[in-house]
Amino acid sequence: SHLMVAEPEKLYAMPDPTVPDSYVKAMTTLCDLADRELVVIISWAKNIPGFSSLSLSDQMSILQSVWMEILILGVAYRSLAFDDEIVYAQDYIMDEEFSRTAGMLDLNGCILQLVRKYKSMKLEKEEFVILKALALANSDSVHIEDVEAVQKLQDVLHEALIDFESSKQPEEPRRAGKLLMTLPLLRQTANKVLHHFYNIKLEGKVPMHKLFLEMLEA
Amino acid sequence: KEKHKILHRLLQDST
C-alpha cells in the first residue's frame with residue numbers, strides 16, 4: 001500500500017503541434033519527456049522504504065544504473081491496455097507507422113515483447129509497483145559501497161512480492177518467480193534504449209536537457 | 001560527483 005501511494009501522477013509529452021512529425025521531433029519530444037520523468041523518478045525513489053537511508057553516493061549509483069529500466073517499465077505498464085502500441089504518455093502513443101517515422105521500430109518491438117509478457121500474465125498494478133521498486137533495488141552497479149544495505153532493501157521488496165502473491169494469487173505459486181524472470185528482458189531493453197539515445201547525443205541533432213544528459217553520460 | 005550535480009541536488013532536496 002505504501003508503494004501504491006508513492007506512485008507518481010501521469011506526465012504528458014505535449015509534442016509541439018506547429019512542427020511536422022519527423023525523427024528529430026519525435027526524439028526531441030521523448031528526450032524532453034524523459035527529462036521530466038527523471039525528476040519524478042528521483043523523488044519517487046526517495047519514497048521507497050529504505051532507499052533514503054542509503055548513503056547519498058549509493059543512492060546516486062543506483063539511480064544512475066537503473067533509471068532507464070524504471071522508465072521502460074512504466075511505459076510497458078501504460079501500454080498494457082493497447083494493442084501493439086507503445087504508450088510513452090497518454091498524449092504520445094506510437095503505433096507501428098509512427099515508430100518507423102521516429103526510427104524506433106526495433107526499440108518499440110523490444111518493449112512490445114515485454115508488454116506481451118505482462119499482458120499474458122495479466123499484470124496487476126500492485127505487482128507493477130513492487131516490480132518497479134525491485135528493479136531499483138536490483139541495481140548491479142559496481143559502485144555500490146554498502147552492498148549489504150542494498151541487499152536488505154531487495155529482501156524487503158522481494159518479501160512484499162511474495163506476500164502479495166500468496167494472498168492474492170495463491171492458485172499460481174510460481175507467479176512471483178515468473179515476474180522476477182521478466183527483469184532480464186527489462187534490463188536488456190533498457191540497455192538498447194540507452195544505446196539509442198547515447199548515439200543520438202553523439203549525433204548532436206536533438207536538444208537534450210541537462211538532467212537527461214547527465215544521466216545518459218553516467 | 002561534480003559531474004552529477006543535478007542528481008545530487010534532487011536527492012538532497014527534502015520535497
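Only a predicted model underlies this, so the values are computations on that prediction, with no experimental measurement involved. Proteins get letters first, then strands, A, B, ... in listed order; numbering begins at 1 in each. The analysis underlying the following values was restricted to heavy atoms, covering all of them including side chains, and did not include hydrogens, waters or symmetry mates.
- Proximity of a side-chain donor or acceptor of Q59(A) to a complementary backbone N or O of L11(B) within less than 3.5 Å is not detected.
- With sequence neighbours excluded, the residues satisfying side-chain contact (heavy atoms from CB on, under 4.5 Å) with D16(A) are T18(A), V19(A).
- Rounded to the nearest 0.5 Å, atoms CG (L10(B)) and CG (L211(A)) are 6.0 Å apart.
- Along residues 190-202 of chain A, no residue comes nearer than 4.5 angstrom to chain B, judged on non-hydrogen atoms.
- In this structure, K152(A) places its NZ atom where only 12 or fewer heavy-atom neighbours from other residues, nucleotides or ligands lie under 6.0 Å away.
- Using a 4.5 Å cut-off between heavy atoms, F212(A) does not touch chain B at all.
- Within 6.0 Å of atom CD in E148(A), 12 or fewer heavy atoms from other residues, nucleotides or ligands are found, so the atom counts as exposed in its surroundings.
- Closest non-hydrogen pair, E214(A) versus I6(B), comes out as OE1-N, 3.0 Å.
- No more than 12 heavy atoms of other residues, nucleotides or ligands shown are found within 6.0 angstrom of NE2 on H143(A).
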